[in-house]
Amino acid sequence: DIQLTQSPSFLSASVGDRVTITCRASQGISRYLGWFQQKPGKAPELLIYAAFTLQSGVPSRFSGSGSGTEFTLTISSLQPEDFATYYCQQVNDFPLTFGGGTKVEIK
Amino acid sequence: EVQVLESGGDLVQPGGSLRLSCAASGFTFSGYTMKWFRQTPGRGLEWVSSITPRGDKTYYADSVKGRFTISRDNSNNRLYLQMNSLRAEDTALYFCTSTQCSGGKCYPAYWGQGTLVTVSS
């Protein structure tokens, strides 16, 4: 199975900060990676797919990059509604797997 | 507006069975791969199963293979998950998702609110 390791697992930041989350895959997955945001009591929401393609309706302050084994999610200017947990997921091969999550909290 | 709505979650005894249902609307259901996921505080998000648009190919996590069966009814825009021989470790919030496909790979794009399955005596 492909393991995804996210870092950091916890991040404290202020409104307006630039935030970067990293996801590392245990083997190459080309660009077959998605990023999700989940708020307490809600279902995950797809932010980015295919490593860098913004899902429809997602604000442009979110961006993704990377390929192979290393990927990043960047929020260019953190907004109050962005405080949440973020997950990466690979769809390169079955079983589909998720990273352990990064919780972004208010500093 | 794309919507998926899960139902069927319940409290069931170990070894029991349950059938989850997912009603889809707002998109051409028969044209999309569909997926089931589950989430627990301890194990996080887990993929459970996927099914191709026509239902001709199905895929399962090893933890549920042989016990769970995914199926779909394209005439009624419904996705199902038949869960047999349930175990305590199947306790989770189960999500149905439609997909966004790119480069031949499909990402879970639209999620329902989830349906809770509790396996306990």
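Below, chains carry the letters A, B, ... as their sequence lines are ordered, and counting in each starts from 1. Nothing here was measured: the structure is a model prediction, and the numbers come from that model.
Interface remark: A/Leu33 contributes backbone atoms only to the contact with chain B (heavy atom separation under 4.5 Å). Proximity to chain B is limited to the side chain of A/Tyr87, based on heavy atoms less than 4.5 angstrom apart. Contact of B/Ser50 with chain A is made through the side chain alone, with heavy-atom distances under 4.5 Å.
Chosen from A/Ala43, A/Ser56, A/Gly34, A/Ser30, the residue pairing most often with chain B at heavy-atom distances under 4.5 Å is A/Ala43. Contact count versus chain A (heavy atoms, under 4.5 Å) is highest, among B/Gly112, B/Cys106, B/Pro108, B/Gly44, for B/Pro108. Chosen from A/Gly99, A/Ala50, A/Gly41, A/Pro95, the residue pairing most often with chain B at heavy-atom distances under 4.5 Å is A/Ala50. Per-residue counts of heavy-atom pairs under 4.5 Å with chain A were compared for B/Gly104, B/Gly114, B/Ser102; the largest is that of B/Ser102. The candidate with the highest count of non-hydrogen atom pairs below 4.5 Å against chain B, out of A/Leu47, A/Leu46, A/Val91, is A/Val91.
Expressed to the nearest 0.5 Å, how far OG1 of A/Thr53 lies from CD of B/Gln100 amounts to 8.5 Å. For the atom pair CD of A/Gln90 and OH of B/Tyr107, the computed distance is 9.5 Å after rounding to the nearest 0.5 Å. Atom-to-atom distance recorded for A/Asp1:CG and B/Asp62:CG is 6.5 Å, nearest 0.5 angstrom.
For B/Lys105 (side chain) and A/Tyr32 (main-chain N/O), no donor-acceptor pair under 3.5 Å exists by modelled atom type.
Cluster annotation: A/Phe71 is connected to A/Tyr86 through the hydrophobic network of ILVMFWY side chains, with a link wherever side-chain heavy atoms come within less than 4.5 Å. In this structure, A/Ile106 is a member of the same hydrophobic cluster as A/Val15, with clusters built from ILVMFWY side-chain heavy atoms closer than 4.5 Å. Put simply, B/Trp111 and A/Tyr49 are part of the same group of oily side chains (I, L, V, M, F, W, Y) that touch within less than 4.5 Å, one to the next. B/Phe68 and B/Ile51 fall within the same hydrophobic cluster, defined by Ile, Leu, Val, Met, Phe, Trp and Tyr side-chain heavy atoms under 4.5 Å apart, directly or through other members. By the rule that hydrophobic residues join a cluster once side-chain heavy atoms approach within less than 4.5 Å of another member, A/Leu4 and A/Phe52 end up as members of separate clusters.
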Could you check A/Gln38 against B/Gln39 for side chain to side chain contact (heavy atoms under 4.5 Å, CB included), going step by step and ending with a plain yes or no? CA-CA 12 Å; A/Gln38 188 175 30; B/Gln39 186 172 30; 2.9 Å; yes
Applying side chain to side chain contact (heavy atoms under 4.5 Å, CB included), run through B/Tyr60 and A/Phe94 and close with a yes or a no. CA-CA 8 Å; B/Tyr60 298 93; A/Phe94 291 110; over 6 Å; no
Evaluate the criterion side chain to side chain contact (heavy atoms under 4.5 Å, CB included) for residue pair B/Leu45 and A/Gln89; output intermediate values, then yes/no. CA-CA 9 Å; B/Leu45 283 163; A/Gln89 185 210 17; over 6 Å; no
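Within the 4.5 Å cutoff, the side chain of B/Glu46 has no heavy atoms near those of the A/Thr97 side chain.
Taking the six-membered ring for Trp and the full ring otherwise, A/Phe98 and B/Phe37 have centroids separated by under 6.0 Å.
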